[in-house]
A.B. asks: 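Got a structure for you, written out below as C-alpha cells; questions coming shortly.
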2 protein chains.
Amino acid sequence: MPKTSRNNGRQRQNAEIRKPEIVKSFYQTLLERGFEGASIAKVAARINIHPSLILHYFGNKENLTLALVDYVIEEYARLLGTVTLEGLSPEARLERLLEIIWSREYYEKIHIAGSFSLLAVSFRNPRIREKIEGLYSGYRNFLAKEIQKASDAGVIEHQDAMRTAARIITLIEGARHFRHLFVGKDECEQYNQDMKAATRMMMQMQ
Amino acid sequence: MPKTSRNNGRQRQNAEIRKPEIVKSFYQTLLERGFEGASIAKVAARINIHPSLILHYFGNKENLTLALVDYVIEEYARLLGTVTLEGLSPEARLERLLEIIWSREYYEKIHIAGSFSLLAVSFRNPRIREKIEGLYSGYRNFLAKEIQKASDAGVIEHQDAMRTAARIITLIEGARHFRHLFVGKDECEQYNQDMKAATRMMMQMQ
DNA sequence: ATTAATTAATTAACCATTCAGTTAATTGTT
DNA sequence: AACAATTAACTGAATGGTTAATTAATTAAT
C-alpha cells in the first residue's frame with residue numbers, strides 16, 4: 001500500500017502568501033494567550049500547518065516577533081495612509097485630523113492587548129524596542145507636521161509643534177489605556193468627545 | 001553516615017515573612033522575563049528556595065498572580081498614604097497634589113514594564129482584570145475628591161469632578177507610556193513640567 | 001531536474017503540579 | 001526541666017505535557 005498524500009485539503013502556498021499568514025496568526029494567538037503563551041505550535045495549529053514551516057520561514061521566534069512588530073507598524077501606516085487631508089482648508093484639515101484620532105475605528109485598529117504585550121517585551125528586547133520607538137517617532141512627526149501647518153495658517157497659535165505632538169500622543173495612549181479599564185460602550189462616545197476637546201485645548205497651550 | 005541537614009545557610013521563616021518574599025521575587029522575575037516567562041522555578045531560584053514551597057503557599061500560579069496584583073495595589077496605596085495633604089490651604093493642597101503626581105519618585109514606584117505585563121494578562125483573566133479595575137477606580141475617586149474640594153473652595157471652576165479625574169488619569173497613564181519610549185533623563189523634568197501645566201489646564205476645562 | 005514548500009521525527013530543556021517525605025519549631029504534659 | 005505530640009516549613013522525586021529548535025525526508029510545482 002503506497003503512502004498516500006496527506007494534504008489535509010490545504011493548498012500549497014508560496015512564501016509571499018504564507019509568511020504574512022503566519023504573522024497574522026501569531027498576532028491573533030498573542031491576543032489570546034499573551035506573548036510567551038503564543039508558542040510556535042499554537043500559531044501553526046491555528047492555520048493548520050506544521051510548526052516546522054514557521055521555523056523554516058523565520059528561523060527562530062525572535063525573528064517572528066520582529067516580523068510581527070513590522071506588521072503592526074504597517075497596519076498603522078496603512079491606516080494613516082487612508083487619511084486624506086489634502087484639498088481641505090487649514091481649519092477643516094485640523095478638524096478632520098481630530099475626528100480621525102478620536103474615532104472608534106481608529107483606536108480599535110490595533111487591539112491594545114497586543115500593544116501591551118509587545119511593549120512589555122520591548123523592555124527586554126532592544127531590537128523590538130527600537131522598532132516600536134520608530135513607530136511612535138513617525139507618528140509624532142506626522143502630528144507635528146500637521147500642527148505646524150495649522151499654526152502657519154493661523155488656525156492655532158504658534159508654538160513648539162513637537163512638544164504639542166508629545167502632549168497629544170500622551171493623551172492618545174492614555175486614552176487607550178483608560179478605555180480598556182473604564183469606559184463601557186455607551187460612555188465611549190462621550191469620553192471621546194471629551195478627549196477631543198482636551199486635545200484642542202492642548203493645541204492652544206503655550 | 002547519617003543524612004546531614006541541608007539548610008544551605010537559609011533561615012527557616014514563617015508564612016508571614018515568606019509569602020511576601022515570594023511575591024516580590026515573582027514581581028522582579030516578571031520584570032525581567034515577562035509574565036509567562038516568570039516560571040515558578042525561576043521565582044524560587046531567585047530567593048533560593050524550593051519551587052514546591054511556592055506551590056505549598058499559593059497552591060497554583062493563578063493565586064500567585066492574584067497575590068502579585070494585590071502587592072502592586074498595596075504599593076500604590078502605601079504611596080498615596082504617605083501623601084499628607086491635611087492642614088494645607090486649598091490652593092497649596094492642589095499644588096501639592098500636582099507636585100506629587102508629576103514627581104519622579106511617584107511614577108517610578110511601579111515600573112511600567114510590570115504594569116504592561118499585568119494589563120496584558122488582565123485581558124485574559126477576569127479576576128485579575130477586576131482587581132486592576134479596582135485599583136484604578138480607587139485612584140480615580142481619590143482624585144475626584146480632591147478636585148471637588150478645590151472646586152468647593154473656589155480654587156478651580158466648578159465642574160464634573162469624576163470627568164476631570166478621568167482626564168487626569170488618562171494623562172498620567174499616557175505619560176508613563178510616553179516616557180518609556182521617548183523621554184531621556186534630561187528631557188524628563190521638562191516633560192513633567194509640561195504635563196503638570198496640561199493637568200492644570202484640564203482642571204479648568206468645562 | 002531543480003527548487004521551494006511542507007512534513008516527520010527527534011531532542012533536550014523546561015513547565016506546573018502532585019505526593020510523599022523530612023526537618024525544625026512549638027506546645028502540652030509530666 | 002525533660003520528653004512526647006503536634007504543627008508548620010520545607011525538600012525530593014516523579015508526573016505528563018509543552019517548549020524551541022535541529023536534522024532529514026517527502027511532496028509538488030516549474
Side-chain angles (χ1 to χ4, degrees), chain A residues 1-23 25-26 29-30 32-68 117 121 124-125 127-128, chain B residues 1-23 25-26 29-30 32-68 117 121 124-125 127-128:
Chain A
M1 187 178 172
K3 246 186 188 163
T4 58
S5 162
R6 260 175 288 170
N7 206 3
N8 281 335
R10 280 220 121 251
Q11 271 183 329
R12 194 181 183 86
Q13 308 284 358
N14 57 24
E16 215 169 323
I17 292 173
R18 198 58 103 190
K19 285 179 78 172
E21 190 188 4
I22 291 168
V23 172
S25 173
F26 184 33
T29 313
L30 181 81
E32 288 166 14
R33 326 282 292 239
F35 181 75
E36 290 85 354
S39 68
I40 289 172
K42 283 175 198 149
V43 175
R46 172 181 279 273
I47 51 176
N48 198 29
I49 60 169
H50 200 277
S52 291
L53 189 56
I54 295 179
L55 291 169
H56 167 69
Y57 279 127
F58 293 95
N60 56 42
K61 204 183 173 180
E62 196 197 354
N63 288 341
L64 178 61
T65 308
L66 290 168
L68 173 64
S117 293
V121 178
R124 289 167 275 137
N125 189 318
R127 292 175 71 192
I128 289 170
Chain B
M1 186 174 169
K3 245 187 186 164
T4 57
S5 161
R6 259 175 289 170
N7 205 2
N8 280 334
R10 281 219 123 251
Q11 272 183 330
R12 195 182 181 87
Q13 308 283 358
N14 57 25
E16 216 168 321
I17 293 173
R18 197 58 103 191
K19 287 179 77 172
E21 192 188 4
I22 291 168
V23 172
S25 174
F26 183 34
T29 313
L30 180 82
E32 289 166 13
R33 327 280 295 237
F35 181 74
E36 290 85 354
S39 68
I40 287 172
K42 284 175 198 149
V43 174
R46 171 181 278 274
I47 50 175
N48 198 30
I49 59 168
H50 199 278
S52 292
L53 190 56
I54 295 178
L55 275 313
H56 167 66
Y57 279 126
F58 294 94
N60 57 43
K61 205 182 173 181
E62 196 197 356
N63 288 340
L64 178 61
T65 307
L66 290 168
L68 173 64
S117 294
V121 177
R124 289 167 275 137
N125 188 319
R127 292 175 70 192
I128 289 171

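Chain letters run A, B, ... following the sequence lines, proteins first, then strands; residues in each count from 1.
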A.B. asks: Taking CG from A:Leu64 and P from D:dA20, how many angstroms apart are they, rounded to a whole number?
C.D. replies: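 Atom CG in A:Leu64 sits about 10 Å away from atom P in D:dA20.
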A.B. asks: In whole Å, I'd like the distance from the CG atom of B:Asn60 to the P atom of C:dT18.
C.D. replies: 8 Å
A.B. asks: Reckon A:Ser39 touches a base, only the sugar-phosphate, or nothing at all at heavy-atom distances under 4.0 Å?
C.D. replies: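 Sugar-phosphate, backbone atoms only, no base.
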A.B. asks: Using only heavy-atom distances, decide whether a donor-acceptor pair under 3.5 angstrom links the side-chain of A:Arg12 to the base of C:dA5.
C.D. replies: yes
A.B. asks: I need the CD1-P distance between B:Ile49 and C:dT23, as an integer number of Å.
C.D. replies: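 Roughly 19 Å, once rounded to whole Å.
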A.B. asks: I'd like to know if A:Glu36 pairs up with A:Arg124 as an ion pair, taking the criterion as any Lys NZ or Arg NE/NH1/NH2 lying under 4.0 Å from an Asp or Glu carboxylate oxygen.
C.D. replies: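 Salt bridge flag = yes for A:Arg124 with A:Glu36.
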A.B. asks: Taking the six-membered ring of B:Phe35 as reference, does the NZ or CZ atom of B:Lys61 fall below 6.0 Å from its centre and within a 45° cone about the axis?
C.D. replies: yes
A.B. asks: Run the numbers on A:Tyr57 and A:Leu53 for side chain to side chain contact (heavy atoms under 4.5 Å, CB included), then give the verdict.
C.D. replies: CA-CA 6 Å; A:Tyr57 279 127; A:Leu53 189 56; 3.7 Å; yes
A.B. asks: Rounded to whole angstroms, how far apart are CD on B:Glu16 and P on D:dA9?
C.D. replies: 10 Å
A.B. asks: Just how far, in rounded Å, is P of D:dT11 from CD1 of B:Ile54?
C.D. replies: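 Result: 11 Å.
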A.B. asks: Hey, is the side chain of A:Arg18 poking within less than 4.0 Å of OP1 or OP2 on C:dT6, counting only N and O atoms?
C.D. replies: yes
A.B. asks: Can you tell me how far the CZ atom of A:Arg18 sits from the NE2 atom of A:His56, to the nearest 0.5 Å?
C.D. replies: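 NE2 of A:His56 is found 11.0 Å from CZ of A:Arg18.
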A.B. asks: Which part of the nucleic acid, if any, lies within contact of A:Ile40, taking any heavy atom under 4.0 Å across all strands shown: a base, the sugar-phosphate backbone alone, or nothing?
C.D. replies: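 Sugar-phosphate: the residue A:Ile40, judged by heavy atoms under 4.0 Å, touches backbone atoms but no base.
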A.B. asks: With the threshold set at 4.0 Å, does a side-chain nitrogen-carboxylate oxygen contact exist between B:Arg127 and B:Glu62?
C.D. replies: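 Looking at B:Arg127 and B:Glu62, the cut-off is met.
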A.B. asks: Regarding B:Lys19, tell me which of base, sugar-phosphate or nothing describes its non-hydrogen contacts under 4.0 Å with the strands shown.
C.D. replies: nothing
A.B. asks: Of the nucleotides D:dG12, D:dA9, C:dA8, which has the atom closest to the A:His50 side chain?
C.D. replies: C:dA8
A.B. asks: Could you let me know what C:dA1 is paired to, Watson-Crick or G-U wobble, both distances under 3.5 Å, or none if it's on its own?
C.D. replies: D:dT30
A.B. asks: With a cut-off of less than 4.0 Å, is there a side-chain N or O of A:Lys42 near OP1 or OP2 of D:dT19?
C.D. replies: yes
A.B. asks: For C:dA4, take OP1 and OP2 only and decide whether either is under 4.0 Å from a side-chain N or O of A:Tyr57.
C.D. replies: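 No, no such contact exists.
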A.B. asks: What is the distance, rounded to the nearest whole Å, between atom CD of A:Glu62 and atom C1' of D:dA21?
C.D. replies: 15 Å
A.B. asks: Quick one: B:Lys61 NZ to C:dC14 C1', roughly how many Å, whole number?
C.D. replies: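 Going from B:Lys61 (NZ) to C:dC14 (C1'), I get 12 Å.
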A.B. asks: Return the nearest nucleotide to the side chain of B:Ser52; candidates are C:dT18, C:dA5, C:dA8.
C.D. replies: C:dT18
A.B. asks: In whole angstrom, give the distance that lies between atom CZ of B:Phe35 and atom C1' of C:dC15.
C.D. replies: 13 Å
